Amino acid sequence: MIRDITIGQYYPVDSVIHRLDPRTKLAGTVIFLISLFVTSSPVGYVLATLVLAGVIKLSRVPFKFMTRGLRAILIVLLLSVSFNIFLTPGTTILKIGFLRATKEGLILAGFMGLRLVYLVIGSSLMTLTTTPTQLTDGLEKSLRFLNRVGVPVHDIAMMMSIALRFIPILVEETDKIMKAQTARGADFDSGNLIQRAKAMIPLLVPLFVSAFRRASDLAMAMEARCYHGGEGRTKMHPLRYETRDRIAYLLMFVYLALMIASRFIRFRLF
Amino acid sequence: MSIRAENLSYIYNEGTVMETYAIRDVSFEIGDGTFVGLIGHTGSGKSTLIQHLNGLLKPSRGTVYFNGEDIFAEGYNMKALRGHVGLVFQYPEYQLFEEDVLTDVMFGPKNLGCSDDVAKERAIRALTQCGVDEGRFDRSPFELSGGYKRRVAIAGVIAMEPDVLILDEPTAGLDPHGRDEILGMISRLHKERKMTVILVSHSMDDVAEHADKIMVLNHGELLFYDTPREVFKHAAELESYGLSAPEITYLAADLNAAGISVDPSMSTIEEAKEEILKALGR
Ligand SMILES: Nc1ncnc2c1ncn2[C@@H]1O[C@H](COP(=O)(O)OP(=O)(O)OP(=O)(O)O)[C@@H](O)[C@H]1O
Ligand SMILES: [Mg+2]
């Protein structure tokens, strides 16, 4: 139940995508996200779909893991799609009471929905193929220039990596506590809203207690090992670009260029 | 109150690369009032197995019968089952959440539908049985020492007055004294209330003293399910699976090697005493 959360869930297989430098994957994800917004032509979306499908195939992560993240945004997705269908002015195709669905709205909603779905799948793909440690290493190195304007990049990256590291631990812990309380007759799945909210207390109290305990243990362990921030700290695995990263960058820019070009293709489908 | 498992298998993360067979085709029957010791080294599937017995995990294959009824059948009353089969998890102290010890222990009975008075009565009885004195009843469970937290957590399950009590390594991380107390308490519950007990452990010594039957798991498969005497006859085989027979069994082997003939399958201190006295002709 609770294990459906995919963010920060690494899927351990060996693939070209897994082996790419995290910075390459970060850049790729950003470029993919941007590309979804520069185009609104069907050709562009076909291209994006092909690229996404190709990368998923290369990553060797089963497709069902990609779609798990979608459940979390289902409500947002439904809301934005229906707003678009009913609130866009244009030719009416369906009338329900005072609501008018328009052809333009339908098309817009379709693109909008696709964009959101691809956004989530694109970012899940990155977190599924990159360990949290690599991810934050990548972020830290890519954003290091911000240090000069006084942003404590290392500290933020460290906080992020700890937070990401703790997600699966807390998920597991929640599962464990839930089971233990269920064995004591607790019921998390039935009753009205107030009863359900009250049923969460036996879950949340132990969860908070353990989260705080873990945090303080970790702080102590870090201090015991003389952690003092990023100053002069070296990496065990310094990031270095390989040939495959150069190829990946090249492909990414070709893709982005094609997507931008697709803006200008007049495609008369409707 | 018999429990019967039939061809039980459980696979974690089925259908992904992280797929692990935690238990594989396990079948057994545990009769009324039996004290079963469940043994296996780390990762052998003990915790996974016992979570099936009160329906917390749904088997990938096979099923479990409680009093002849399939507990995974549609419409089976799981909540009632949890009242009959009490499960104390490994490190149960993390489940404490109430403001004071007594209220925390009352949580289980109240979930079963007991009134406040009955729940309180049961909670006091359970706490006393677990060796928690009255002075600690209105303390916060978070202020107690580890050993007392453990006792309160175990009392939380015992207060539900189950017919079958399952404990997952209840002595892990306790000092020898705390360990003896907890094991003694479990053994008393078994004798006085005729409770069926399943005690998970990876120490043969913990289990040999009290168990009527011993179940040995290895990599998710059931190797032995027999009386301690029978199981300990396979001491060499147990060792090849990373388990050891109780100290007493090794003592018997040493004595026999030294020419003092004793029953090689003795397994408790009591038996050893009698055997040695007999061998010495007293
Ligand atoms: N939540 C889980 N997800 C994936 N695999 C799991 C999970 N829990 C247990 N496993 C795996 O199932 C197998 C059996 O684990 P289990 O916890 O039942 O062993 P155990 O005998 O209780 O061990 P221990 O003595 O350490 O408590 C192990 O290989 C373990 O890695
Ligand atoms: Mg275990």
Side-chain angles (χ1 to χ4, degrees), chain A residues 1-4 6 9-15 18 59-68 128-129 131 168-191 195 198-214 216-217, chain B residues 12-19 47-48 50-51 53-57 78-99 103-114 119 140-142 149 153-162 165-168:
Chain A
M1 37 192 152
I2 191 96
R3 288 170 187 274
D4 291 341
T6 29
Q9 286 267 46
Y10 177 66
Y11 188 88
V13 281
D14 188 30
S15 78
H18 284 72
S59 76
R60 298 176 51 207
V61 179
F63 185 67
K64 67 173 190 208
F65 278 85
M66 312 281 160
T67 51
R68 273 195 194 177
L128 283 165
T129 58
T131 63
I169 292 180
L170 288 181
V171 168
E172 206 164 289
E173 192 104 342
T174 311
D175 205 50
K176 203 165 87 173
I177 298 170
M178 224 168 180
K179 274 188 186 159
Q181 306 297 28
T182 312
R184 293 169 79 190
D187 189 353
F188 297 103
D189 302 322
S190 60
Q195 282 167 331
K198 267 177 97 173
M200 295 306 276
I201 295 174
L203 175 63
L204 291 179
V205 173
L207 195 60
F208 273 100
V209 169
S210 103
F212 279 115
R213 200 200 56 234
R214 277 179 197 283
S216 105
D217 286 355
Chain B
Y12 282 103
N13 304 310
E14 192 164 5
T16 71
V17 278
M18 293 162 284
E19 190 172 283
S47 302
T48 309
I50 55 170
Q51 286 175 47
L53 305 183
N54 73 344
L56 281 177
L57 282 181
M78 277 290 177
K79 201 154 176 178
L81 176 70
R82 309 242 156 89
H84 291 300
V85 183
L87 176 56
V88 179
F89 275 83
Q90 215 162 351
Y91 299 101
E93 43 277 17
Y94 59 75
Q95 66 183 29
L96 302 171
F97 70 99
E98 277 287 4
E99 282 168 42
T103 327
D104 199 284
V105 177
M106 284 164 63
F107 179 68
K110 278 170 86 173
N111 282 330
L112 294 179
C114 293
S140 157
F142 300 107
K149 275 189 195 153
I154 295 178
V157 173
I158 289 176
M160 296 168 76
E161 310 200 331
L165 180 64
I166 308 174
L167 302 111
D168 196 351

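Note that the structure is a prediction, hence the values are computed from the model and not measured. Just so it is clear: chains get the letters A, B, ... in the order the sequence lines come, proteins before strands, and each one is counted from 1.
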> Counting only heavy atoms not in B/Glu99, do more than 12 fall under 6.0 Å of its CD?
Replying inline: no
> Is it the backbone or the side chain of B/Leu96 that comes under 4.5 Å from a heavy atom of chain A, or both, or neither?
Replying inline: backbone
> Which atom names give the shortest non-hydrogen contact between B/Phe142 and A/Val205, and what distance separates them?
Replying inline: CZ-CG1, 4.0 Å
>> I want to check a possible cation-pi pair here: A/Lys176 against B/Tyr94, using under 6.0 Å from ring centre and within 45° of the ring axis as the test.
In response: yes
> Hey, which of A/Pro62, A/Pro202, A/Ala186, A/Ser210 has the most heavy atom pairs under 4.5 Å with chain B?
Replying inline: A/Pro202
>> Is B/Gln51 close to chain A through its backbone or its side chain, or both, or neither, when contacts mean heavy atoms under 4.5 Å?
In response: side chain
> Which bit of B/Leu57 is near chain A, if near means a heavy-atom gap under 4.5 Å: side chain, backbone, both or neither?
Replying inline: side chain
> Between B/Arg82 and A/Asp187, is the closest basic N to carboxylate O distance under 4.0 Å?
Replying inline: no
> With distance as the sole test, does A/Gln181 use its side chain to make a donor-acceptor pair with the main-chain N or O of B/Gln95 at under 3.5 Å?
Replying inline: yes
> Which bit of A/Thr182 comes within less than 4.5 Å of chain B, counting heavy atoms only: side chain, backbone, both or neither?
Replying inline: both
>> Using every non-hydrogen atom in the two residues, find where A/Ala180 and B/Phe89 come nearest and quote the distance to one decimal.
In response: CA-CE1, 3.6 Å
>> Please check this pair: side chain of B/Asn111 against backbone of A/Arg184, looking for a donor-acceptor N/O pair closer than 3.5 Å.
In response: yes
>> Measuring from atom CG of B/Leu56 to atom CE of A/Met178, what distance do you get when rounded to the nearest 0.5 angstrom?
In response: 11.5 Å
>> Taking atom CZ as the centre, does A/Phe208 end up with more than 12 heavy-atom neighbours from other residues, nucleotides or ligands that are less than 6.0 angstrom away?
In response: no
